[in-house]
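What you are looking at is a predicted structure, and each value in this text was computed from that prediction instead of being measured.
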Amino acid sequence: MHPTTYAQPRLTVEGLHKRFLLHGQGGLEIDVMRELSLTLHAGECLVLAGRSGIGKSTLLKMLYGDYRIDQGRIRLHFDDGELDLETLPAYAWHGLRRDVIGYVSQFLRVVPRVAAVDVVMEPLLARGADEAESRQRAETLLARLNLPERLWQLPPGTFSGGEQQRVNIARGFIGEHPLLLLDEPTASLDAANRDVVIALIGEAKARGTAMLGIFHDENVRERIADRLLPLDGSLGNLSIVSQDFRESLS
Amino acid sequence: MKKPAQEYPVLLDVQDITRLYGPAKGCEAIDFRLHAGEVLGIVGESGSGKSTLLRVLAGLEAPDAGRVIYRRSSNEPEAARTGTGKHESGGDQKENAEAALDLYAIGEARRRALLRLEWGLVHQNPRDGLRMGVSAGANIGERLMAQGQRHYGQLRATGQAWMRQVELDPGRIDDAPRTFSGGMQQRLQIARTLVTRPRLVFMDEPTGGLDVSVQARLLDMLRTLVRQLGLSVVLVTHDLAVARLLAHRLMVMRHGQVVETGLTDQILDDPQHEYTQLLVSSVLTP
Amino acid sequence: MDGYNFAYLDEQTKRMIHRALLKAVAIPGYQVPFGGREMPMPYGWGTGGVQLTASILGADDILKVIDQGADDTTNAVSIRHFFQRVAGVETTTATTAADVIQTRHRIPETPLRAGQILVFQVPIPEPLRFIEPSEQETRLMHALEEYGVMHVKLYEDIARYGHIATTYAYPVKVDGRYVMDPSPIPKFDNPKLDGNPALMLFGAGREKRLYAIPPYTPVESLDFEDHPFEIQRWEHSCALCGSDRSYLDEVITDDKGGRMFVCSDTDYCQTRRGDVA
């Protein structure tokens, strides 16, 4: 741990709360997060630690604008100023997600009929990058993640879990966002591909990427984590908890 | 790391729009802004007023109250103006303050020219948006001809290029739309609408009434076109899966009113309003 | 003739038509509605043209009536007789001698002069009707100059036949503003509309619309840059007068496939034959 080397924080979270209110269940209120605070620096990988199923993804989703921020403060720090995310209007998130915050979700959201390589290169095209160049980079990443070349032109809908996950990782890393949120990217990977992801994370760190991740694999966690953020105090044991809103409804 | 530019020019400024046919029939007090490059989805069930709202926004039906302001950057020439030639409407408009157009105050001439040249509308039923009696090529070329293009060879080449773009066989450029399948007709309608590269496009259930496999193809195509042409889109749909794939931002309507707005995945993953929660939880996920 | 006002129509009706005509002349190519009267002939026989002729005819005017260029066809003869009877005006077959010429489907080959009036019989006055059945909408389209759809029609022609196959009622733009149906004249006659010294009036009886092209008004036939407007041409000359620059009709001469091409404008043809002889 070398906290002193991180001169400037890239992300600070203060006093974050999250409560789900379920109208369909008679107005049931579920507190899933209380008083969560953290600081993340450039080039640092902070790993969220805590029991499985206590809702660590909730934090990532709040940082990505996917879940609303009920209370608390999330700030991004730039060379030329700060940006408060809890008050950021919805339309301002599009550019932020395109250029600043990257997210590797646990599961790939498959777009019907879109080939794997196109799924991967989309974040670059969204920035107006050259198509041939973007394709080249996507293929390089897919090759590195050992996705068989015959799959590149196929839509990933029918891929195995591990194959889909690698497409997802390639899509998440290709944009080289300065802040990267990782939700168990190695969960369904074999050892060889896990190593590739660890190498990708290492390279991202070297670029100065600030990363916040969930990794259940002890081995992976040890190899990439600069710090662990214990969450058992602020997550999960507050009331009934589910990682996904829809699960909590059913 | 530099702060991302916080400039999000407003393209459409919708101010307190009301259009009611009866109590809770239509839309009421709708207020929002569409930013350049955004795809805004309006979701809700049948009768929620989303189609009425779209008609008002798209210039087809004047509201009972409220204003629709279209803002184009000031250095852009007004195609709507050049298109109508020597006609001028309303004497009280300031000539140099034309960056903002009040849709229902600029007069019918300029409004129609705007719809025809700078905006586009994709109907749910392609028959409403196509001329079924004339060839695919003439359908694609019509907006260009309305703009004054008078070169048959170029019109034809453009028509074929657009057919390729929307994955239609350019060899069928002389075929009438009635010989096309529903999905092909919808793609033809999209080509016909986008050929003049409108800045703002309204889509009313563009994938409704199509087979699932045909829908998927169309959705993928629309995503690509939106990105390549830098379109701003107002999309009306009752299909949350379509909204998820196409829209950046969602507005949820019920009984003519907006009950919730937000980022698309936030609305779908963390809905706040009772009705939105019901809507989201009612969707079958395969 | 007893029991009738001069030229059949009463003076109030004539005044009403005059007012509409003044408006039509003031806005070249614009269709002006008028209170069309029942005429003693069925629609399709030129009731629109007859009402215009009746309202502009003076006692000293010399009238010529042609149908498809000919003075001696049923429609032309009937209308000529009608005006002889109800107005007692002098009639002629000579284009140069006429003050007023009522016509169906042709413009005389002999150039018209200032002071002459050409009255067209019009079946369907609205050039946008083929695509838009609503009158309200077509009026709006004219008002807003939304004429893109006219080229859609020409585009379809080229796509289907390789060239603009519209050969009559070929749409024109009058004075750079209104798109107009010149009535079912062959497109061969379209260039004669442009800058013509005569006043040209168009009357549609069934639809109760009239419109006008004032003298010397620019009239342009719609076309494409790479498919410019062209008039019909014949490999033949007129079998009777030898003209190689007039509009020719094909005439079957026997049951064995014999045929010949002759001028559709009978006065022009006869005059030339007189000159030649």
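- Of the two parts of Glu122(A), only the side chain, counted from C-beta on, holds a non-hydrogen atom closer than 4.5 Å to a non-hydrogen atom of chain B.
- Only the side chain of Arg227(B) has a heavy atom closer than 4.5 Å to any heavy atom of chain A.
- Leu188(B) has its side chain within reach of Leu168(B): a pair of non-hydrogen atoms, C-beta onward, lies under 4.5 Å apart.
- Residues Arg75(A) and Glu14(A) are paired through a salt bridge, judged by an N-O separation under 4.0 Å between the basic side chain and the carboxylate.
- Between Tyr91(A) and Tyr8(B), the ring planes lie perpendicular to each other; the angle is over 60°, past the 30° to 60° tilted range.
- Contacts of His248(B) with chain A are made by both backbone and side-chain atoms, with heavy-atom separations under 4.5 Å.
- Contacts with chain B were tallied for Arg98(A), Arg68(A), Glu82(A), His77(A); Arg68(A) has the most, counting heavy-atom pairs under 4.5 Å.
- Neither the backbone nor the side chain of Leu76(A) comes within less than 4.5 Å of any heavy atom in chain B.
- Only the side chain of Leu245(B) comes within less than 4.5 Å of a heavy atom in chain A; its backbone stays farther off.
- Gln165(A) is not listed as a side-chain neighbour of Leu108(A), based on a closest heavy-atom distance of 4.5 Å or more.
- Panel note: side chain Arg187(B), backbone Glu167(B); a donor-acceptor pair is recorded below 3.5 Å.
- Note that Arg97(A) lies in the cation-pi zone of Tyr64(A), set by a 6.0 Å cut-off to the ring centre and a 45° limit from the axis.
- In this structure, chain B has no heavy atom under 4.5 Å from any part of Asp99(A).
- Side-chain contact between Gln165(B) and Met221(B): absent, with no pair of heavy atoms (C-beta onward) separated by less than 4.5 Å.
- Side-chain contact of Thr276(B) with Glu260(B): a donor-acceptor pair under 3.5 Å is present, judged by distance alone.
- Heavy atoms closer than 4.5 Å to chain A are found in the side chain of Glu38(B), but not in its backbone.
- Looking at Arg33(B), there are no atoms closer than 4.5 Å to chain A (heavy atoms on both sides), in backbone or side chain.
- In terms of heavy-atom pairs under 4.5 Å with chain B, the best-connected choice from Gly208(A), Pro89(A), Gly65(A), Gly95(A) is Gly65(A).
- For chain A, the nearby part of Thr261(B) is the backbone; its heavy atoms alone come within less than 4.5 Å.
- In this structure, chain A has no heavy atom under 4.5 Å from any part of Gln215(B).
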